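Data first, discussion second: the structure below is written as structure tokens.
Side chains included, hydrogens not; waters and symmetry mates left out as well; all remaining heavy atoms used. Here the structure is a predicted model, which means the values were calculated and not measured. Residue numbers begin at 1 in each chain, while the letters A, B, ... track the order of the sequences.
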2 protein chains.
Amino acid sequence: MSSSAQKYDVFQAIADPTRREVLKLLAHQELPIAEITAHFPMSRTAIAKHLHILSEANLVSGQKVGREKRYRLQPETFQELKDWLSYYEQFWNNKLSILKHVVENEDEDSLNNKKTD
Amino acid sequence: MSSSAQKYDVFQAIADPTRREVLKLLAHQELPIAEITAHFPMSRTAIAKHLHILSEANLVSGQKVGREKRYRLQPETFQELKDWLSYYEQFWNNKLSILKHVVENEDEDSLNNKKTD
DNA sequence: TTGACATAACACCAAATGGTTTCATATAAT
DNA sequence: ATTATATGAAACCATTTGGTGTTATGTCAA
């Protein structure tokens with residue numbers, strides 16, 4: 001019982017540029033809200049909200065240390081995204097272009113095998 | 001001169017569940033708006049807007065065929081996402097835990113050299 | 001205990017988002 | 001030429017989002 005009808009999922013969480021910046025920051029080290037805020041041109045409250053959203057999406061987690069709350073990256077969650085992406089990966093590198101043909105069994109693309117880097 | 005200050009980027013485009021469903025649909029075959037709409041409990045106009053957003057993010061492209069406009073997946077763009085993700089990948093599999101060491105220069109993890117893959 | 005600091009919790013607001021309906025335009029079919 | 005079909009575009013609306021400021025609570029230091 002870790003997730004109960006969360007309002008924000010990973011996709012929404014990373015949609016905001018500020019939140020992506022926060023993730024980048026936390027990639028290198030864990031930080032308290034105040035320090036994170038120092039990197040942005042907005043209020044601490046705003047950043048706290050972003051952190052809350054990131055936290056709800058399990059992209060970060062916060063540990064209370066004294067009167068601080070230190071946030072850190074929760075990198076495992078990125079796997080969700082990777083999994084989602086991997087479904088589409090087959091379509092842009094044509095590793096599975098043959099499979100695609102078989103599955104669709106209906107498109108008349110010329111079988112041009114273009115191996116893009 | 002392909003992209004001029006686009007309003008929607010890839011991250012925003014995939015943030016919406018409906019748009020992700022549209023992508024999934026188009027993964028298998030290219031489709032005109034009307035047919036796409038048939039899969040959703042909302043108006044054609046709404047879907048058209050979603051397609052416009054996906055198109056602006058270059059995740060799909062539309063070709064006009066007669067009076068139809070057929071939309072198809074533009075899978076190359078997913079690479080953007082993959083690139084973004086790959087930055088964080090290093091943190092959840094420790095492929096680059098050594099690099100992390102160097103960059104941070106502050107944590108005292110044992111130097112375990114684990115070359116995955 | 002008192003004061004300073006770090007965060008949490010509200011109430012509030014403007015703008016963006018995701019949907020609607022209606023009207024216009026282009027193409028196909030009869 | 002007329003009608004039906006497929007889309008485009010506009011005006012409109014409710015809700016969500018991303019920000020603000022203020023007040024409350026908990027913790028550390030004197």
Side-chain angles (χ1 to χ4, degrees), chain A residues 3-26 29-74, chain B residues 3-26 29-74:
Chain A
S3 67
S4 54
Q6 55 185 28
K7 190 177 178 189
Y8 293 94
D9 62 10
V10 180
F11 295 96
Q12 281 204 229
I14 65 167
D16 185 86
T18 302
R19 284 195 292 269
R20 289 199 300 277
E21 279 295 315
V22 171
L23 289 176
K24 207 180 261 182
L25 260 179
L26 295 180
Q29 65 207 103
E30 84 179 36
L31 288 173
I33 300 187
E35 277 206 56
I36 298 173
T37 303
H39 292 262
F40 296 91
M42 65 185 71
S43 71
R44 187 195 51 76
T45 311
I47 296 295
K49 279 191 190 177
H50 283 308
L51 285 168
H52 184 254
I53 289 170
L54 287 169
S55 175
E56 204 169 347
N58 293 311
L59 284 168
V60 307
S61 63
Q63 300 80 33
K64 211 168 176 194
V65 175
R67 57 183 166 185
E68 287 187 343
K69 187 164 184 185
R70 326 207 85 211
Y71 280 90
R72 73 163 58 148
L73 205 63
Q74 218 160 8
Chain B
S3 65
S4 53
Q6 55 184 28
K7 190 177 179 189
Y8 292 95
D9 63 7
V10 180
F11 296 96
Q12 281 204 237
I14 65 166
D16 184 87
T18 302
R19 286 195 289 271
R20 289 200 300 278
E21 279 294 315
V22 170
L23 289 176
K24 207 180 261 182
L25 259 180
L26 294 180
Q29 65 207 111
E30 82 178 37
L31 288 173
I33 301 186
E35 277 206 56
I36 298 172
T37 303
H39 292 260
F40 296 90
M42 65 186 71
S43 73
R44 183 195 51 79
T45 312
I47 296 295
K49 280 191 189 176
H50 283 307
L51 285 168
H52 184 255
I53 290 171
L54 288 169
S55 176
E56 203 169 346
N58 292 310
L59 284 169
V60 306
S61 63
Q63 300 81 33
K64 210 166 175 194
V65 176
R67 59 183 165 183
E68 286 187 343
K69 186 162 183 186
R70 324 210 75 193
Y71 279 90
R72 72 162 61 150
L73 206 64
Q74 218 162 8

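A/Glu35 comes within contact range of no nucleotide atom at all, as no heavy-atom separation falls under 4.0 Å. In this structure, A/Phe40 reaches neither bases nor backbone, as no heavy-atom distance under 4.0 Å exists between it and the strands shown.
No more than 12 heavy atoms of other residues, nucleotides or ligands lie within 6.0 Å of NE2 in A/His52, so this atom counts as exposed by the packing criterion.
As rounded to whole Å, 15 Å separates atom P of D/dT7 from atom NE2 of B/His52. Here the C1' atom of nucleotide D/dT7 and the CD1 atom of B/Ile36 are 12 Å apart, to the nearest Å. Atom CD of B/Glu68 and atom P of C/dA29 are 11 Å apart (whole Å). Rounded to an integer number of Å, the gap from CD of A/Glu56 to P of C/dA8 is 14 Å. In this structure, A/Phe11 atom CZ and D/dT17 atom P are separated by 16 Å, rounded to whole Å. Rounding to whole angstrom units, CG of residue B/Leu51 and P of D/dA9 are separated by 13 Å. Across the protein-nucleic acid pair, A/Lys7 atom NZ and C/dT17 atom C1' stand 13 Å apart, rounded to whole Å. Residue B/His50 contributes atom NE2, which lies 12 Å from atom P of C/dT17 at whole-angstrom precision.
Summary of the strand contacts: A/Ile53 and B/Tyr71 both lie near DNA chain D, and taking for each the nucleotide with the nearest heavy atom, the more 5' one is attributed to B/Tyr71.
Between B/Gln12 and C/dA16 there is no side-chain N or O to OP1 or OP2 distance below 4.0 Å. Contact annotation: B/Lys69 side-chain N/O to C/dA26 OP1/OP2 distance is not under 4.0 Å. Contact annotation: B/Tyr8 side-chain N/O to C/dA16 OP1/OP2 distance is not under 4.0 Å. In terms of phosphate contacts, A/Arg70 brings no side-chain nitrogen or oxygen within less than 4.0 Å of OP1 or OP2 of C/dA6.
What you find for B/Met42 and B/Thr37 is that their closest heavy atoms are O-CG2, 3.5 Å.
Considering only side-chain atoms of A/Pro32, the nucleotide from C/dT7, D/dT17, C/dG18 that sits closest is C/dT7.
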Check: When you check every protein heavy atom under 4.0 Å of nucleotides 20-30 of chain D, what one-letter string (B, S, -) results, 5' to 3'?
Finding: BBB----BB--
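Between A/Leu25 and A/Phe40 the shortest side-chain heavy-atom distance falls below 4.5 Å. A 4.5 Å side-chain heavy-atom check between A/Ile36 and A/His50 finds every atom pair outside the cut-off. No side-chain heavy atom of A/Leu59 sits less than 4.5 Å from a side-chain heavy atom of A/Arg19.
Here B/Phe11 pairs with B/Trp84 under the ring-ring contact (aromatic ring centres under 6.0 Å, His included) rule; sequence neighbours left out.
Between A/Arg20 and B/Asp9 there is a salt bridge, since a side-chain N of the basic residue sits under 4.0 Å from a carboxylate O of the acidic one.
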